[in-house]
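Down below is the structure, laid out as structure tokens.
These numbers were taken from a predicted model, which means no experiment stands behind them. The analysis underlying the following values was restricted to heavy atoms, covering all of them including side chains, and did not include hydrogens, waters or symmetry mates.
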Amino acid sequence: YLPIGIQDITEIRLRNCIYVDKTPLVHQLVTTGKYYFFSRPRRFGKSLLISTLKALYEGKKQVFEDTWIHNNWDFDKTNPIIHISFDAVSYERGNLEQGLISMLREHAEKYELLLEKEDLKSIFRELMSKLNTQYGKVVLLIDEYDKPIIDYLETENIDIAKANRAILREFYSVLKSSDALLEFVFITGISKFSKVSLFSHLNNLDDITLHKKYATLTGYTQEELIQFFPDYLAEIAEEMAISTEKLLETMRVWYNGYSWDGVHRVYNPFGVLNFLSKKQFKNFWFSTGSPRFLIEQMRKHNIYNVENITVNTRVLDKFDIENIALVPLLFQTG
């Protein structure tokens, strides 16, 4: 089966869906570093990656059967996990702080811990401390870290975006003094806000967004497409009365538009899976993945021709609420 819309590795494996094995790169991540930041556009496999890391640290050996990491990881060693997906945090009407507190208390309940503190930073620190004492070093996985900001980037909501940024900056600042409690930290989202604006206290965060080693950590390479989906490719080629080579050539034009290192190109997984299911060339990703604030900025600056723009990597590091430059926004949102 094709795992369309499924972002949980356990569900993908239980349903006998196709899983494109990224575990060699996941193993490299967890064995060579500790604090990571990773940004990719919408629907590019970030949540599945977080789910994979979670299952690994939970020791779910059966989930990884027939994958590379199955025989290359000690599944008997497990860690307590704080998994925060801002997609699941309730922060409407300027209530981000309470939303985060509620989620942290849910984690404490899951691990049967009693939290005594009241404010967000103290609760976060207390939860990590008690988890560490009772269960070992903590694994912190944060998905869509930037959602409470980018949801409010339209001009009329910019003050909410700034208020949420201040709360998040304080929240993440707790990590700097918690190094001894942490086993592994992975933060992911769409936009790559400048470190000064959001992670000013966390100067040991390794940004692997453009790292050559991890250029194919999400998305499908040409080789993976051929290796994991041969039956679908053969069936569609036959139905379209063209060769598999011609089919792959056309798919490259439609869905193989991204490179994070200038060498390896990857297919957008959402577009590919929908194409393999519906068997027609359509812009599946754009119809669900184009953010409102990007369109607003393009209208504001009256820029619609975005072909062949060349910039250096320093420009991509300048994205912030007070300086919403269009090129970093285009690159980060896909």
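Here the side chain of Thr23 pairs a donor or acceptor atom with the backbone of Ile69 at under 3.5 angstrom. With hydrogens and angles disregarded, a donor-acceptor distance shorter than 3.5 Å links the side chain of Glu126 to the backbone of Lys117. At distances below 3.5 Å, not a single donor-acceptor pair connects side-chain atoms of Tyr152 with backbone N or O atoms of Asn164. Between the side chain of Ser51 and the backbone N or O of Ser47, no donor-acceptor pair lies under 3.5 Å. Judged by distance alone, with hydrogens and angles left aside, the side-chain atoms of Lys121 form no donor-acceptor pair with the main-chain N or O of Glu170 at under 3.5 Å. One N or O on the side chain of Asn79 and one on the backbone of Lys137 form a donor-acceptor pair closer than 3.5 Å. In terms of modelled atom types and a separation under 3.5 Å, the side chain of Lys279 and the main chain of Tyr232 share no donor-acceptor contact. Of the possible donor and acceptor atoms, one in the side chain of Asn268 sits under 3.5 Å from a partner among the backbone N and O of Arg43. Using a distance-only test at 3.5 Å, with no hydrogens or angles considered, no donor-acceptor pair links the side chain of His107 to the main chain of Leu127. Between the side chain of Ser178 and the backbone N or O of Leu181, no donor-acceptor pair lies under 3.5 Å.
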Start with the C-alpha distance between Tyr36 and Phe184, add both sets of side-chain angles, then the distance that settles ring pair (Phe, Tyr, Trp, His ring centres under 6.0 Å), and finish with yes or no. CA-CA 8 Å; Tyr36 290 106; Phe184 183 77; 5.7 Å; yes

I would like to know whether Glu109 and Arg105 meet salt bridge (Lys or Arg N to Asp or Glu O under 4.0 Å); could you show each step before the answer? CA-CA 6 Å; Glu109 210 173 289; Arg105 290 197 184 282; over 6 Å; no

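For the pairing with Phe229, the ring-ring contact (aromatic ring centres under 6.0 Å, His included) check across Tyr19, Tyr1, Tyr267, Tyr220 returns one residue only, Tyr220.
Taking the side-chain contact (heavy atoms from CB on, under 4.5 Å) definition, one finds that Ala88 meets it with Met103, sequence neighbours left out.
In this structure, Phe44 has its ring center at least 6.0 angstrom away from the ring center of Phe270. Between Phe275 and Tyr255, the distance separating the two ring centers is shorter than 6.0 angstrom. A distance below 6.0 Å separates the ring centres of Tyr135 and Tyr111.
With values rounded to the nearest 0.5 angstrom, Phe281 atom CZ is found 13.5 Å from Asn274 atom CG.
The aromatic rings of His70 and Phe75 are tilted relative to each other, their planes meeting at an angle between 30° and 60°. Taking the six-membered ring where tryptophan is involved, the planes of His27 and Trp73 are perpendicular, since the angle between them exceeds 60° and thus also 30°.
Ion pairing between a basic and an acidic side chain is recognised when a charged N comes within 4.0 Å of a carboxylate O; Asp261 and Lys213 show no such pairing. A salt bridge is absent between Lys110 and Glu106; no separation between the charged side-chain nitrogens and carboxylate oxygens falls under 4.0 Å. Under the 4.0 Å criterion applied to side-chain N and carboxylate O atoms, Arg13 and Glu65 are not assigned as salt-bridge partners.
Considering only heavy atoms from C-beta on, Ile190 comes within 4.5 Å of Ile150 through its side chain.
Residues Leu14 and Val63 do not share a hydrophobic cluster, defined by chaining ILVMFWY side chains whose heavy atoms lie under 4.5 Å apart.
With Trp260 as the aromatic partner, Arg265 does not meet the cation-pi criteria of under 6.0 angstrom to the ring centre and within 45 degrees of the ring axis.
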